[in-house]
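Only one structure is covered here, and it is reproduced in the block below.
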Amino acid sequence: MNHLSMRVEGIVQGVGFRWAVRAKANQLGVCGFARNEEDDSVTIEAEADEATLDCFKAWCEQGPVTARVDRLTAVPGKVRGYAGFEIR
């Protein structure tokens with residue numbers, strides 16, 4: 001099990017980005033959460049095996065067609081043991 005903390009910048013609020021992230025996370029079996037930030041970015045905390053996280057991160061770099069991702073930064077972290085994926 002691995003953990004990634006991601007910050008996504010661009011047009012990612014008000015376009016269904018977090019809902020699409022949750023759907024993709026559920027499809028891949030990723031646990032964690034997505035949360036809007038005051039600076040119009042989205043924070044994603046994600047946990048899964050390394051290959052799954054790589055796939056999830058690659059999808060988040062593109063996002064759904066309704067969004068425009070300008071930049072995604074990802075930092076590995078300590079596994080927190082999330083159960084499921086939620087929108088905060």
Side-chain angles (χ1 to χ4, degrees):
M1 185 67 72
N2 294 299
H3 178 97
L4 274 182
S5 295
M6 296 184 276
R7 181 172 184 239
V8 187
E9 298 173 77
I11 300 175
V12 291
Q13 289 193 18
V15 294
F17 184 80
R18 291 176 302 148
W19 300 96
V21 167
R22 183 177 68 175
K24 190 62 163 180
N26 288 336
Q27 177 188 8
L28 294 174
V30 174
C31 295
F33 67 85
R35 175 183 66 221
N36 281 345
E37 300 296 344
E38 289 184 14
D39 65 358
D40 295 329
S41 68
V42 170
T43 293
I44 301 169
E45 297 285 325
E47 295 182 345
D49 63 78
E50 185 175 358
T52 301
L53 276 183
D54 287 345
C55 182
F56 182 64
K57 179 180 172 253
W59 182 90
C60 289
E61 290 174 327
Q62 301 300 311
V65 297
T66 55
R68 187 187 81 218
V69 176
D70 293 333
R71 184 165 69 157
L72 183 145
T73 54
V75 178
K78 184 179 176 182
V79 174
R80 295 181 174 101
Y82 296 114
F85 196 94
E86 64 183 44
I87 294 172
R88 294 187 176 173

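Bear in mind that the values here come from a model prediction, so they are computed numbers and not experimental data.
Between the side chain of Gln13 and the backbone N or O of Glu37, at least one donor-acceptor pair lies under 3.5 Å.
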Using a 3.5 Å cut-off and no angle test, enumerate the donor-acceptor pairs between side-chain atoms of residues 74-84 and protein atoms at least two apart in sequence or in another chain.
{"from": "Arg80", "atom 1": "NH1", "to": "His3", "atom 2": "NE2", "distance (Å)": "2.7"}
{"from": "Arg80", "atom 1": "NH1", "to": "Glu45", "atom 2": "OE1", "distance (Å)": "3.0"}

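By the 4.5 Å heavy-atom criterion applied to side chains, Asn2 and Leu4 are not counted as neighbours. Residues Arg22 and Asn26 have side chains in contact (heavy-atom distance under 4.5 Å, counting atoms from C-beta outward).
Other residues, nucleotides and ligands contribute at most 12 non-hydrogen atoms within 6.0 Å of the CD atom of Gln62. The 12-atom threshold is not exceeded at CZ of Arg71, counting heavy atoms of other residues, nucleotides or ligands nearer than 6.0 Å.
Put simply, CD on Glu9 and CG on Leu72 are 9.0 Å apart, with the number rounded to the nearest 0.5 Å. Met1 CE to Asp49 CG: the interatomic distance, rounded to the nearest 0.5 Å, is 7.5 Å. To the nearest 0.5 Å, the span separating CZ on Arg7 from OG1 on Thr73 amounts to 6.5 Å.
Under a hydrophobic clustering in which Ile, Leu, Val, Met, Phe, Trp and Tyr are joined whenever their side-chain heavy atoms come within less than 4.5 Å, directly or via other members, Phe33 and Val21 fall into different clusters. Residues Ile11 and Val42 fall within the same hydrophobic cluster, defined by Ile, Leu, Val, Met, Phe, Trp and Tyr side chains chained together at heavy-atom separations under 4.5 Å.
Between Phe85 and Phe56, the ring-plane angle classifies as perpendicular under the 30° and 60° cut-offs.
In terms of heavy atoms, Asp39 sits closest to Ser41 at OD1-OG, 2.6 Å. In terms of heavy atoms, Val69 sits closest to Cys60 at CG2-O, 3.5 Å. Here the closest heavy-atom approach between residue Val12 and residue Val8 is recorded as CG2-O, 3.7 Å.
With sequence neighbours excluded, no residue forms a salt bridge (Lys or Arg N to Asp or Glu O under 4.0 Å) with Glu50. In this view, Asn36 and Arg18 satisfy the side-chain hydrogen bond (donor to acceptor under 3.5 Å, both in side chains) rule, not counting sequence neighbours.
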